[in-house]
Amino acid sequence: MFDLKIIRDNPDAFDHGLARRGKPPQTPAILALDKEWRAAQTKAEVLQAERNKLSREIGAIKSKGGDASDIMRRVAESKEEEGKLEAEASRLKADIDALLSGIPNLPADDVPEGKDEHGNVFVRDHGVKPTFSFKPKDHVALGEGLGQMDFARAGKLSGARFVVLRAGLARLERALGQFMLDLHTREYGYTEIAPPLLVRDETAFGTGQLPKFADDLFKTTNGMWLIPTAEVPLTNLVADEIVDEASLPHRLTAWTPCFRSEAGAAGKDTRGMIRQHQFNKVELVSIAHPDHSNDEHERMTRCAEEVLKQLELPYRVMLLCAGDMGAAACKTYDIEVWLPGQDAYREISSCSNCGEYQARRMNARFRPKEGKRTRFVHTLNGSALAVGRAMVAVLENHQREDGSVAIPNVLRPYMGGLEVLRPDG
RNA sequence: GGAUGGGUGGCCGAGCGGUUUAAGGCACCGGUCUUGAAAACCGGCGAGGGUGCAAGCUCUCCGUGAGUUCGAAUCUCACCCCAUCCGCCA
């Protein structure tokens with residue numbers, strides 16, 4: 001959501017930003033409506049001011065017991081005209097807001113050009129891809145070989161894009177989530193939150209899922225939305241609030257299920273656990289001071305990377321190009337983990353600085369010590385990590401020729417000391 | 001789900017058709033006093049929009065949305081949320 005003023009002041013720069021995302025210019029339509037709206041608004045206010053003045057006179061006359069019927073008639077006459085202008089002004093404003101609420105965030109200056117993932121830029125990598133003396137299996141073969149990953153029965157219960165985990169893998173899933181939460185809360189100062197998984201329209205609007213991306217979400221029969229990520233409830237904690245400047249940044253984390261309809265992904269990643277309707281994720285959210293959100297973004301990305309380092313998983317960090325970013329972001333790093341079973345890097349985290357885009361939508365501000373006006377906070381979010389994909393990565397990277405899987409050191413305390421997953425487990 | 005009582009500025013809280021231009025307090029900011037601080041006293045202090053070079057003028061906002069009225073925080077209706085009790089329930 002944007003400030004109309006920056007569009008008025010610099011329409012070309014605004015449209016240029018949209019063009020970098022591959023979007024057509026929006027400012028001509030907006031500015032035309034804006035001009036009409038301001039004209040109607042100004043006219044309506046003149047009439048309102050006049051009426052307010054006369055009504056006050058009526059009050060004064062009546063309180064003295066006088067006859068005000070003359071003035072009352074004059075006010076009544078201008079009422080219809082005023083009503084029309086007010087209605088027109090509010091209709092025009094609603095039209096403008098509808099346009100504005102569908103426009104994605106503008107890319108930051110240091111975001112590379114590009115229209116899709118091919119435009120993304122390598123930033124750094126870490127770890128060494130494992131070499132195998134045998135042909136590495138993918139996580140489906142490994143999981144089913146262990147007898148602990150069951151897509152057939154998940155299909156019976158729920159259909160495609162679900163999985164049933166049992167025994168060692170079920171516990172590994174839980175271990176991963178716990179390990180990540182402990183890392184972020186103990187080492188990096190994030191506060192653990194257990195948020196609602198169902199949210200209202202306003203909440204989904206605040207982070208930008210609504211109005212444009214309703215198709216990606218599941219909706220309950222009473223009109224609520226299942227969260228597609230804990231970013232939604234965590235970020236909205238500051239909605240409609242004026243927070244204390246000294247309290248920034250707020251660093252929040254949550255381990256939650258996420259629900260996605262995957263409406264646009266028919267036929268994509270149909271095999272395995274990569275793309276599910278339901279998955280667990282540990283999310284990081286920062287509510288940051290606008291002057292420090294860039295540093296916070298780098299820090300958050302490092303927090304996510306640390307999970308992979310400790311899990312002994314090779315990865316690379318990519319800076320997304322303008323055309324590949326999510327709608328709310330002005331800058332995004334994706335972290336891609338190496339998957340030997342796919343012989344490819346796959347996204348396991350996405351860390352975004354949303355600037356004030358979401359803060360404006362949800363009206364989240366702080367009062368600066370210097371200066372009188374409130375300012376919008378900056379919001380950031382990152383996965384750290386997607387637990388299902390992390391499990392896939394652990395299985396594929398730490399597999400052995402006999403189909404067993406070594407459990408990374410840092411997870412062993414969470415697995416009751418277990419060092420290897422074997423079919424009997 | 002039923003009943004009752006409520007939602008007022010950063011916070012608390014008064015107001016329940018017309019000097020409300022939303023009292024008062026807390027917090028915060030500035031000043032006086034003080035060696036310094038505290039206390040006390042004095043002053044300032046809501047948000048958003050329109051207009052204007054500016055000073056300013058002006059509009060909107062008392063949970064949300066409609067309505068009644070010349071005039072609504074105040075009256076009506078619907079909805080949302082909170083509290084308490086009852087019912088149901090993990």
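Sequence lines set the chain letters: A, B, ... in the order given, protein chains first and strands last, and positions in each chain run from 1.
Per the geometry, CD1 belonging to A/Ile96 stands 12 Å off C1' belonging to B/G49, to the nearest Å. What separates CD of A/Glu45 from P of B/U58 is a distance of 11 Å, to the nearest Å. Across the protein-nucleic acid pair, A/Arg360 atom CZ and B/A47 atom P stand 16 Å apart, rounded to whole Å. With rounding to whole Å, A/Asp201 atom CG is found 13 Å from B/C79 atom C1'. Here B/C61 presents its P atom at 9 Å from CD of A/Glu86, a figure rounded to the nearest Å. Look at CG on A/Leu47: it is 15 Å from C1' on B/U60, rounded to the nearest Å. Between the CD atom of A/Glu202 and the C1' atom of B/C80 there is a distance of 8 Å, given to the nearest Å. Rounding to whole angstrom units, NZ of residue A/Lys35 and C1' of B/G50 are separated by 16 Å.
Rounded to whole Å, the separation between the C1' atoms of B/G44 and B/U51 comes to 26 Å. The separation of B/G49 from B/U35, taken at their P atoms, amounts to 47 Å, rounded to a whole angstrom. For the C1' atoms, the distance linking B/G15 with B/U21 amounts to 15 Å, nearest Å. Using C1' as the reference atom, B/C29 and B/C70 are 42 Å apart when rounded to the nearest Å. Using atom C1' as the reference point in both B/U74 and B/C16, the two lie 4 Å apart (nearest Å).
Backbone-only engagement by A/Arg8 is indicated by non-hydrogen atom pairs under 4.0 Å involving sugar-phosphate atoms exclusively. If you check every strand for non-hydrogen atoms under 4.0 Å, A/Ile242 touches sugar and phosphate atoms only. Here A/Lys5 lies in heavy-atom contact (under 4.0 Å) with sugar-phosphate atoms only.
Salt-bridge formation is not detected for the pair A/Asp150/A/Arg166: no Lys NZ or Arg NE/NH1/NH2 atom is positioned less than 4.0 Å from an Asp or Glu carboxylate oxygen. A salt bridge does not link A/Arg375 to A/Glu245: none of the charged side-chain nitrogens sits closer than 4.0 Å to a carboxylate oxygen. Under a 4.0 Å N-O distance rule, the pair A/Glu262/A/Arg161 does not qualify as a salt bridge.
Atom NZ of A/Lys35 is surrounded by 12 or fewer heavy atoms from other residues, nucleotides or ligands within 6.0 Å. Residue A/Arg412 places its CZ atom among more than 12 non-hydrogen atoms of other residues, nucleotides or ligands, all under 6.0 Å distant.
Using a 4.0 Å cut-off, no side-chain N or O of A/Arg56 falls inside it from OP1 or OP2 of B/U19. In this structure, A/Ser90 does not reach the B/U60 phosphate: none of its side-chain N or O atoms is under 4.0 Å from OP1 or OP2. Taking 4.0 angstrom as the limit, A/Asn52 places a side-chain polar atom (N or O) nearer than this to OP1 or OP2 of B/U60. Contact between the side-chain N/O atoms of A/Arg365 and the OP1/OP2 oxygens of B/G10 is not found at any separation under 4.0 Å. Taking 4.0 angstrom as the limit, A/Arg367 places a side-chain polar atom (N or O) nearer than this to OP1 or OP2 of B/G10.
If you check B/G36 for Watson-Crick or wobble pairing at under 3.5 angstrom, you find it has no partner at all. The partner of B/G56 is B/U51, by the rule that a Watson-Crick or G-U pair needs both atom distances under 3.5 Å.
Taking the six-membered ring where the residue is Trp, the centroids of A/Tyr357 and A/Phe2 are separated by under 6.0 Å.
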